[in-house]
There are 2 protein chains.
Amino acid sequence: MKRLVLIYGLIGGILIAVLKWTEYRFLVVEHSIEIYGGLTAATFAVVGIWLGLKLTGRRERIVVKVPVPAGAPFVPNEKKREDLGITRRELEILELIAQGMSNREIAGKLYVSENTVKTHSSRVFDKLGARRRTQAVQLGKEFGLLP
Amino acid sequence: MKRLVLIYGLIGGILIAVLKWTEYRFLVVEHSIEIYGGLTAATFAVVGIWLGLKLTGRRERIVVKVPVPAGAPFVPNEKKREDLGITRRELEILELIAQGMSNREIAGKLYVSENTVKTHSSRVFDKLGARRRTQAVQLGKEFGLLP
DNA sequence: GCAAAAATCACCCGAAAGGATGATGACAGA
DNA sequence: TCTGTCATCATCCTTTCGGGTGATTTTTGC
């Protein structure tokens with residue numbers, strides 16, 4: 001969170017600088033205020049979008065339609081997960097792997113870098129004793145971590 | 001989508017109005033440009049957040065589970081297999097992939113070359129519309145080809 | 001408030017996987 | 001016999017994975 005504040009301070013500073021600069025411009029050019037407004041608007045629209053995504057964390061609701069009344073809805077085995085020392089985040093990555101997503105896709109979905117995904121997946125593979133993601137998925141199912 | 005355009009037009013109009021209004025302010029008060037900038041920034045931050053959520057936000061994944069009678073030994077869906085044009089051999093490779101085996105291991109198990117396994121898997125991926133083996137496994141399960 | 005755990009990211013490297021294409025032999029059915 | 005399908009194998013090339021290592025930041029539990 002500290003870094004976020006820092007970044008905001010920086011943006012604030014830059015904004016003020018821009019303001020000063022545009023003030024000059026305003027004295028010279030007639031309609032620069034519109035340009036300035038447009039720029040600020042665009043900038044903060046982008047920032048806002050990023051912020052919105054970052055803060056709320058785009059989670060998708062998964063609606064499972066089962067044509068035939070199925071058994072109890074799957075609940076991941078928390079105990080087993082902790083026994084294996086697998087963190088929630090790691091399990092989350094494992095779930096996405098099980099859905100057939102690539103590291104890159106997972107990274108995009110979770111708004112983290114591909115390297116982070118790789119770290120998580122490597123750890124979870126290690127904890128599961130898997131060498132491949134398909135194997136990890138298989139083991140995850142056997143351990144009751146995945147439906 | 002039409003409503004979205006409409007809303008955007010409205011926002012544009014309002015923005016222009018605001019710009020005009022703030023122009024007046026600027027002539028009167030000294031530092032109103034900062035205030036104006038702040039307002040614009042705040043406005044568009046909010047708009048951005050809303051936009052971010054609106055555009056990318058919560059989508060629902062609809063997962064249709066193929067009714068698989070629990071308890072009963074799994075029988076691969078022959079019809080579905082043929083509908084997809086997947087041969088028995090290809091399905092065999094897919095099953096081994098689902099068990100987490102590498103191409104090399106599969107080749108060894110079936111006494112064929114690794115290249116052959118790759119050909120089969122490529123074909124089955126193509127027929128399933130999968131790009132990765134994990135995805136192929138996922139789709140295979142959804143199609144009732146795998147337990 | 002501070003130590004531990006968790007999450008994040010980077011870089012390198014080799015191995016595995018995947019795409020495209022072409023070729024060959026076996027075999028079933030028209 | 002000819003044709004189509006299937007299974008087999010190869011080669012070239014690109015992308016993705018996985019392992020290893022190290023580092024910083026954030027969260028959490030005491």
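Quick note: numbers below take in every heavy atom, side chains included, and nothing from hydrogens, waters or symmetry partners. All figures in this text were calculated on a predicted structure; none of them were measured in a lab.
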message: Any donor-acceptor pair, under 3.5 Å, between the side chain of A/S122 and the base of D/dC17, if you only look at N and O atoms?
response: no
Gap separating the CG atom of A/L91 from the CD atom of A/E95, nearest 0.5 angstrom: 4.5 Å
- prompt: Which distance, rounded to the nearest 0.5 Å, do you find between the CG of B/L110 and the CG of B/L96?
  reply: 5.5 Å
If I take atom [atom1] in residue [X] and atom [atom2] in nucleotide [N], what distance separates them, rounded to the nearest angstrom?
| X | N | atom1 | atom2 | value |
| --- | --- | --- | --- | --- |
| A/E82 | D/dT28 | CD | C1' | 14 Å |
| B/I93 | C/dG18 | CD1 | C1' | 15 Å |
| A/E92 | C/dT8 | CD | P | 8 Å |
| B/E105 | C/dA17 | CD | C1' | 14 Å |
| B/N115 | D/dC12 | CG | P | 11 Å |
| A/M101 | D/dC17 | CE | P | 11 Å |
| B/K118 | C/dA16 | NZ | P | 11 Å |
| A/H120 | C/dC9 | NE2 | P | 8 Å |

task: Could you check whether A/N103 gets within reach of a base, just the sugar-phosphate, or nothing at all, counting any heavy atom under 4.0 Å?
output: sugar-phosphate
- prompt: When all nucleic acid strands are considered with a 4.0 Å heavy-atom cut-off, which category describes B/S121: base, sugar-phosphate, or nothing?
  reply: nothing
task: Report yes if the side chains of B/L94 and B/L128 come closer than 4.5 Å at any heavy-atom pair, otherwise no.
output: yes
So does [X] get a side-chain nitrogen or oxygen closer than 4.0 Å to the phosphate oxygens (OP1/OP2) of [N]?
| X | N | result |
| --- | --- | --- |
| B/R89 | D/dC6 | no |
| A/S102 | D/dT15 | no |
| B/T87 | D/dA7 | yes |

Can you tell which of [options] lies closest to the side chain of [X]?
| X | options | answer |
| --- | --- | --- |
| A/R123 | D/dG18, D/dC9, C/dT8 | C/dT8 |
| B/R104 | C/dA10, D/dA10, C/dA16 | C/dA16 |
| A/F125 | D/dC9, D/dG18, C/dA10 | D/dG18 |
| A/R131 | D/dA7, D/dC9, D/dG19 | D/dG19 |
| B/T116 | C/dA10, D/dT8, C/dA17 | D/dT8 |
| A/R132 | D/dT16, C/dA17, C/dA10 | C/dA17 |

query: Which comes earlier along DNA chain C counting from the 5' end, the contact point of A/V112 or that of A/G85, where each point is its nearest nucleotide?
result: A/G85
field: Worked check of side chain to side chain contact (heavy atoms under 4.5 Å, CB included) between A/I97 and A/V137
entry: CA-CA 7 Å; A/I97 286 176; A/V137 169; 3.9 Å; yes
message: Given 3.5 Å as the limit, does a donor-acceptor pair link the side chain of B/R131 with the main chain of A/G100, or not?
response: no
message: By nearest heavy atom, map B/E114 and B/R88 onto DNA chain D; which one lands nearer the 5' end?
response: B/R88
message: Using the rule given for side chain to side chain contact (heavy atoms under 4.5 Å, CB included), can you reason through B/R81 versus B/R88, listing the C-alpha separation, both sets of side-chain angles and the distance that settles it, and then say yes or no?
response: CA-CA 8 Å; B/R81 181 183 65 75; B/R88 287 206 167 70; 3.4 Å; yes
